[in-house]
There are 2 protein chains.
Amino acid sequence: MLDKSSPLPLYFQLKELLREKIASGEWQPGDMVPSERELSEQYYISRMTARQALRELATEGLLRREPGRGTFVAEPKIEHGLTRLTGFTEDMQARGLQPGAKVIRLARVSPPLRAARALQITPDREIVLLERLRLAGGEPIALETSHLCFNGVLALLDEDFENHSLYHILAEKYHITPARAVQKIGADLCSQREQELLQIPEGAPVLRNKRITYDQWGRPFEYTESAYRGDRYVFQAELSAFQ
Amino acid sequence: MLDKSSPLPLYFQLKELLREKIASGEWQPGDMVPSERELSEQYYISRMTARQALRELATEGLLRREPGRGTFVAEPKIEHGLTRLTGFTEDMQARGLQPGAKVIRLARVSPPLRAARALQITPDREIVLLERLRLAGGEPIALETSHLCFNGVLALLDEDFENHSLYHILAEKYHITPARAVQKIGADLCSQREQELLQIPEGAPVLRNKRITYDQWGRPFEYTESAYRGDRYVFQAELSAFQ
DNA sequence: TTGCTATATTGGTATAGACCACCGAACCAC
DNA sequence: GTGGTTCGGTGGTCTATACCAATATAGCAA
């Protein structure tokens, strides 16, 4: 099973092998995996080598170890949410909801000061403002206001943002790939405008999200302010003590 | 230097010792720390034991290891600070604020159903409930309700949570290190109890956070529900398109 | 000066063996 | 039935040893 002549370390080969068993579904969450001693006999390696593979998979969150009981396949990780950079469209699809968008405003404007600062430009530059009501299953979920700035950004004024994801358009036509983003998430009461557009009661809570998105070269190209309905949306985040 | 008769593992004692040298500034970022072989001779332990201490400190980000060169004190991280798993205390310190806590309730209870599910235990298990009002600069910022469950958790009932961070106590006395956490963050209106404790107006928005924290073996040991003042607190997150 | 080589040191991998605390189940005595 | 004990299995810790690849340095040769 393991190739002792390979340049890849044995514990690494074993990790990949176990990872595959979990990914393929052969081992289900909660199942007990073979003990260190079993693995060492089965693959003709020492217990410490098997141990290293199990230990590292446990710190990665794939396995859960219990002294005196055994090692178990962990509950699956949350794939989406705050750790992976996704747009609203992918986000909703991951939750099994039908995403939609209604363009409220698409215009050439001068950026407000906080957008200019986020995009690292002077306020006299012309940028594209895109305001969309985001839907899931036909219901309004969020109001997104995006400030976009890159070379040739004005061509965006002719795009169709109701039937295509912003990030898809940027990737396919403009070769801009979102690579990194910084978000600030807070709670607030909705404004009157948001109340009407989102069809929520007066004084209802909203999640406010301010995001700066950077492209593959580390340049900021998008600054977006969003208001999500507090009763219909939660952010999910997976945190790690390491890295 | 190390106490071989102590119940604390030798590698753990060595970790604390090295951690102290870094925290005190005796070792500066970039400094080379003694090699595995030096440490094993100096403290009369085997190389593998010294190795375990260095390895774990490296995965925690305090040390940087370079094959063929040595082990060095890592530069303090800035970029990844936003996705790092921290408690309220470290969180506030990172923002330059003086953290504080007022214990509202510390008791032995049966877990509510959603806490039992999060902690992967049956609802008849006894756990420790810790409710704290979290302060920053003397002002109330959040109400935190933690459900704690691990072997010997009841000893927590005698701890002082007003002057010590929960995660510090867990690490130093119980050898439990938070390694991973999953959070759900939403917006809501405050309850009457929260309104009074947080000293905010009626109907004010709060950020609700539900967190499951896993230890170094991947076992859930803490389920915490928090309500943060919407006017004083934002979550920050850094997203990546990769991995 | 430049480039090579030998050497010592470093962390990385791997083995074999030992003892411990903890858990669960089977068993036994009351 | 209840409450112990025993026992086998598990992960956690620790030692001692060995070899490897990468690195830095000192010394030597062109």
Side-chain angles (χ1 to χ4, degrees), chain A residues 1-16 18 31-59 62-74, chain B residues 1-16 18 30-59 62-74 120-122 125 149-153 174-177 179 214-219 221:
Chain A
M1 291 284 203
L2 301 187
D3 180 5
K4 297 218 180 195
S5 66
S6 159
L8 277 77
L10 290 173
Y11 80 91
F12 188 86
Q13 295 182 50
L14 180 56
K15 269 178 75 176
E16 292 306 304
L18 301 182
D31 285 1
M32 183 174 165
V33 313
S35 72
E36 299 174 350
R37 290 165 178 86
E38 276 175 26
L39 287 173
S40 67
E41 287 176 16
Q42 187 174 349
Y43 294 106
Y44 305 104
I45 56 179
S46 81
R47 185 186 157 205
M48 291 300 276
T49 303
R51 178 172 178 69
Q52 179 165 3
L54 293 178
R55 172 169 37 78
E56 294 195 4
L57 287 174
T59 59
L62 271 82
L63 298 179
R64 176 170 43 86
R65 317 200 73 184
E66 295 187 28
R69 300 223 318 126
T71 303
F72 305 86
V73 177
Chain B
M1 290 287 204
L2 301 187
D3 180 5
K4 296 218 179 195
S5 65
S6 159
L8 277 75
L10 290 173
Y11 81 92
F12 189 87
Q13 295 182 49
L14 181 56
K15 267 178 76 177
E16 291 306 302
L18 302 181
D31 285 1
M32 182 174 166
V33 313
S35 73
E36 298 174 351
R37 291 164 178 88
E38 275 175 26
L39 287 173
S40 66
E41 288 176 15
Q42 187 175 349
Y43 293 106
Y44 305 105
I45 55 179
S46 83
R47 186 186 156 203
M48 291 299 277
T49 304
R51 180 173 177 69
Q52 180 166 4
L54 293 178
R55 171 169 40 76
E56 294 197 4
L57 287 174
T59 58
L62 270 82
L63 298 178
R64 175 172 40 87
R65 317 200 73 183
E66 296 185 28
R69 300 225 316 127
T71 304
F72 305 86
V73 178
Q120 300 173 17
I121 56 175
T122 53
R125 271 284 290 276
C149 181
F150 50 86
N151 258 333
V153 72
Y174 302 86
H175 312 315
I176 290 177
T177 311
Y214 300 83
D215 65 16
Q216 62 266 49
W217 300 291
R219 281 186 300 200
F221 69 93

- For the pair made of CD in Glu41(A) and P in dG17(C), what is the distance, rounded to whole Å? 12 Å

- Do any side-chain nitrogens or oxygens of Arg69(B) fall under 4.0 Å of OP1 or OP2 in dG11(C)? no

- Check every strand shown and say whether Leu54(A) touches a base, only sugar-phosphate, or nothing at a heavy-atom separation below 4.0 Å. nothing

- Message: Please find the pair of heavy atoms, one from Leu54(A) and one from Arg65(A), that lie closest to each other, and give the distance.
- Response: CD1-NH2, 3.5 Å

- Message: Tell me the interatomic distance from Arg51(B), atom CZ, to dC20(D), atom C1', rounded to whole angstroms.
- Response: 12 Å

- Quickly work out the Leu2(A) CG to dT13(C) C1' distance and round it to whole Å. 14 Å

- Within the pair Arg65(A) and dG12(D), is there a side-chain N or O less than 4.0 Å away from OP1 or OP2? yes

- What integer distance in Å separates Glu66(B):CD from dG11(C):P? 10 Å

- Query: Does the dG11(D) base have a donor-acceptor partner in the side chain of Arg37(A) within less than 3.5 Å?
  - Reply: yes

- Task: Using only side-chain N and O atoms of Lys4(B), determine if any of them is under 4.0 Å from OP1 or OP2 of dT13(D).
- Result: no

- Task: Compare side-chain N and O positions of Lys15(A) against OP1 and OP2 of dT13(C) and report whether any pair is under 4.0 Å apart.
- Result: no

- Heavy atoms only: give me the nearest Leu39(A)-Ile45(A) pair and the separation to one decimal. O-CG1, 4.2 Å

- Determine: side-chain N/O of Tyr11(B) to OP1/OP2 of dC14(D), distance under 4.0 Å, yes or no. no

- How close or far is atom P of dA18(C) from atom CD of Glu36(A), stated in whole angstroms? 17 Å

- Task: Could you tell me whether Glu38(A) contacts a base, only the sugar-phosphate backbone, or nothing, with contacts defined as non-hydrogen atoms closer than 4.0 Å?
- Result: sugar-phosphate

- Query: Can you find a side chain N or O atom of Ser46(B) that sits less than 4.0 Å from OP1 or OP2 on dT17(D)?
  - Reply: no

- Message: With a 4.0 Å limit, can you tell me whether Gln52(B) has a side-chain N or O closer than that to the phosphate oxygens OP1/OP2 of dT13(D)?
- Response: yes

- Rounded to whole Å, CD of Glu56(A) lies from C1' of dT13(C) at a distance of 11 Å

- Message: Just so I know, are the side chains of Gln13(B) and Tyr43(B) near enough to count as touching, which here means a heavy-atom distance under 4.5 Å?
- Response: no

- Task: Measure from CZ on Arg47(B) to C1' on dT10(C) and round the result to the nearest Å.
- Result: 8 Å

- Message: Counting C-beta onward and ignoring hydrogens, is there a side-chain heavy-atom pair between Glu66(A) and Met32(A) closer than 4.5 Å?
- Response: no

- If only side-chain N and O atoms of Ser35(A) are considered, is one of them under 4.0 Å from the OP1 or OP2 phosphate oxygen of dT10(D)? yes

- Protein-nucleotide distance (Met48(B), atom CE; dG17(C), atom C1'), rounded to Å: 13 Å

